[in-house]
Student: 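Handing you this structure, nothing more for now.
In this chain, residues are counted from 1 in sequence order.
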Amino acid sequence: MKKLAFTLIFAVLVMVNVNAKEVYYTNGKVELTEKEYKYVVDFYGKDYLEKMTEEDYKWISEMDVNNREVKIKEVYDAGSLNQANPNGSFVQTSAKKLSISASCASDFCIVTTMLTWLGNPSVRSWDVMGARLYGTSLYNQNVETVLGNLTDTTFPSNYRFLSNGFGNSFKLPSGTGLTIQQRWYVKPGGRVYASYQHAMSNTTLAISKEYNISVSGYGSTFLFTGNAVGVYDGMVGVDMVL
């Protein structure tokens, strides 16, 4: 009798857990609710769904899109041809796309930025990605950067933390399907600016770190100095009010 009672209780607990997350999509490795599915499609693109892993899902899970409002903004790089359209984004070419998304709890916000190469860069040197903070500050220094192509993933950690933002330098690998993601935590309020700068010629790690974080810099973030002046492409940035 005791064994039967335990079995019935266990069954009820399992049913409650299943109902707590109504699965809308699965690729066999991860399961997504409808809100999570929509976030992945809007931020990462539909092609991302099939290759998602449990590690990828951890980022989405921390955004807690089922219970929080999530904001998304993106720009496409068109070099010197960038021009604003009526909704504030930009005309695109086939070069690269920079996206930002954010969700906030009561005491911190999680911000995710992603650079997607839509073509294949001819120069594979030291690029820089990071953020400028205005009216807010980092909640902690747990910034994570993930650099990947179709066959490999690395976690570069060449950070510079300044009082108003940070940057990370990394050498672009060979291969196709390049993406670079960053996740970081800030205090609610204010505005954040994110920037990705691509080296147009071969450079070094040391030179890639020659910058200040400034509103007058590329993407309203990176103001390159010294030997780094003229090395980077000046791609526009993205921003988000928290």
Side-chain angles (χ1 to χ4, degrees), residues 27 29-30 32 36-37 39-65 70-77 95-103 108-121 123-133 138-161 165-186 192-199 205 208-209 219 221-222 232 235 237-238 240:
N27 64 3
K29 293 173 285 189
V30 299
L32 305 178
E36 290 171 337
Y37 174 88
Y39 170 71
V40 171
V41 172
D42 290 346
F43 185 68
Y44 293 96
K46 203 164 186 177
D47 292 343
Y48 192 75
L49 290 166
E50 293 184 3
K51 64 181 183 180
M52 278 186 62
T53 65
E54 290 183 4
E55 189 64 30
D56 297 325
Y57 178 71
K58 287 180 183 178
W59 283 40
I60 296 160
S61 178
E62 285 198 25
M63 296 290 287
D64 195 13
V65 301
V70 178
K71 302 176 182 179
I72 297 175
K73 184 182 286 189
E74 61 188 28
V75 294
Y76 288 81
D77 174 43
K96 52 191 185 300
K97 178 181 74 170
L98 179 63
S99 307
I100 185 171
S101 68
S103 71
F108 67 90
C109 298
I110 300 176
V111 182
T112 302
T113 51
M114 181 169 183
L115 189 287
T116 304
W117 277 95
L118 305 176
N120 293 312
V123 177
R124 310 269 180 144
S125 193
W126 290 92
D127 288 3
V128 186
M129 188 173 182
R132 180 172 68 88
L133 313 177
L138 287 175
Y139 181 75
N140 55 42
Q141 288 194 346
N142 293 336
V143 180
E144 186 174 4
T145 304
V146 180
L147 170 60
N149 56 29
L150 293 179
T151 60
D152 193 23
T153 299
T154 59
F155 301 87
S157 184
N158 300 297
Y159 292 100
R160 282 194 67 211
F161 289 96
F166 65 90
N168 191 11
S169 301
F170 42 84
K171 192 168 186 179
L172 287 184
S174 59
T176 60
L178 293 178
T179 60
I180 302 92
Q181 295 185 63
Q182 278 187 339
R183 179 179 59 180
W184 28 286
Y185 303 79
V186 294
V192 293
Y193 297 80
S195 175
Y196 179 94
Q197 296 303 319
H198 172 59
L205 172 60
S208 75
K209 291 185 173 184
T221 301
F222 291 113
Y232 292 89
M235 181 182 178
V238 287
M240 183 78 68

Student: Rounded to the nearest 0.5 Å, what separation is found between the CG atom of Asp47 and the OG1 atom of Thr116?
Tutor: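 One finds 10.5 Å between CG of Asp47 and OG1 of Thr116.
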Student: Side chains of Phe155 and Val146: does their closest heavy-atom pair fall under 4.5 Å?
Tutor: yes
Student: Rounded to the nearest 0.5 Å, how far apart are CD of Glu74 and CE of Met114?
Tutor: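 Those atoms lie 11.0 Å apart.
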Student: Go through it in stages, so that I can follow the logic: the residues are Val192 and Ile100, the test is side chain to side chain contact (heavy atoms under 4.5 Å, CB included), and I'd like the CA-CA distance, side-chain angles, deciding distance and then a yes or no.
Tutor: CA-CA 10 Å; Val192 293; Ile100 185 171; 4.0 Å; yes
Student: Please tell me if the side chains of Asn27 and Leu49 come closer than 4.5 Å, counting only heavy atoms from C-beta onward.
Tutor: no
Student: Check whether any side-chain heavy atom of Pro156 sits under 4.5 Å from a side-chain heavy atom of Asn168, and report yes or no.
Tutor: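 Touching, per the 4.5 Å side-chain cut-off.
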Student: Would you name the heavy atoms of Leu172 and Val123 that are closest together and state the gap between them?
Tutor: CD1-O, 4.1 Å
Student: Donor-acceptor pair, Ser61 side chain versus Lys58 backbone, under 3.5 Å?
Tutor: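 No, Ser61 side chain to Lys58 backbone: no donor-acceptor pair under 3.5 Å.
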Student: Would you call the rings of Tyr196 and Phe170 parallel, tilted or perpendicular, taking 30° and 60° as the class edges?
Tutor: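 Answer is tilted, since the angle falls between 30° and 60°.
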Student: Quick one: does Asp127's side chain get under 4.5 Å of Leu115's, heavy atoms only?
Tutor: no
Student: Can you tell me how far CZ of Phe166 sits from CG of Leu133, rounded to the nearest 0.5 angstrom?
Tutor: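 Spacing of CG (Leu133) from CZ (Phe166) equals 7.0 Å.
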Student: Test of understanding: with side-chain contact (heavy atoms from CB on, under 4.5 Å), list the residues that count as partners of Lys71, not counting sequence neighbours.
Tutor: Glu69, Met240
Student: Which heavy atom of Ser174 sits nearest to which heavy atom of Asn149, and what is that distance?
Tutor: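 Reported closest heavy-atom pair: O-ND2, 2.8 Å.
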Student: For a quick check under 3.5 Å, do Ser195 and Thr221 share a side-chain donor-acceptor pair by atom type?
Tutor: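 No, no side-chain donor-acceptor contact under 3.5 Å.
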Student: Check whether any side-chain heavy atom of Ile60 lies under 4.5 Å from a side-chain heavy atom of Met52, and answer yes or no.
Tutor: yes
Student: Keeping Ser103 on the side-chain end and Met63 on the backbone end, is there a donor-acceptor pair under 3.5 Å?
Tutor: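 Side chain of Ser103 to backbone of Met63: a pair is present.
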Student: Would you name the heavy atoms of Ser99 and Phe43 that are closest together and state the gap between them?
Tutor: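 Looking at all heavy atoms of both residues, the shortest contact is CB-CE1, 3.5 Å.
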Student: Give a yes or no on whether Lys209 atom NZ has more than 12 heavy-atom contacts from other residues, nucleotides or ligands under 6.0 Å away.
Tutor: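 Correct, the count exceeds 12.
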Student: Under a 4.5 Å cut-off applied to non-hydrogen side-chain atoms, are Leu32 and Tyr57 in contact?
Tutor: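 They are in side-chain contact.
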Student: Taking all heavy atoms of Thr113 and all of Ala194, pick out the closest pair and write down the distance.
Tutor: CG2-CB, 3.5 Å
Student: For Tyr232 versus Gln197, what's the shortest heavy-atom pair and its separation?
Tutor: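 So the minimum-distance heavy-atom pair works out to CD2-O, 3.6 Å.
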Student: Can you list the residues that meet the side-chain contact (heavy atoms from CB on, under 4.5 Å) rule with Asp42, with sequence neighbours excluded?
Tutor: Lys38, Ile72
Student: Looking at Asn140, I'd like to know if its CG atom is crowded, meaning that more than 12 non-hydrogen atoms belonging to other residues, nucleotides or ligands lie closer than 6.0 Å.
Tutor: yes
Student: Can you check whether Tyr139 reaches Cys109 side chain to side chain, under 4.5 Å on heavy atoms?
Tutor: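 No, side chains not in contact.
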Student: What is the minimum heavy-atom distance between Gly119 and Pro121, and which atoms define it?
Tutor: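 The pair with the smallest heavy-atom distance is O-CD, 3.8 Å.
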Student: Can you tell if the side chain of Pro173 reaches within under 4.5 Å of the side chain of Leu147, non-hydrogen atoms only?
Tutor: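 Pro173 reaches Leu147 side chain to side chain.
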Student: Can you give each donor-acceptor pair under 3.5 Å made by side-chain atoms of residues 175-183, sequence neighbours left out, with the distance rounded to 0.1 Å?
Tutor:
residue	atom	partner	partner atom	Å
Gln181	OE1	Tyr44	OH	3.2
Gln182	NE2	Met129	O	3.1
Gln182	NE2	Thr145	OG1	3.2
Arg183	NH2	Glu144	OE1	3.0

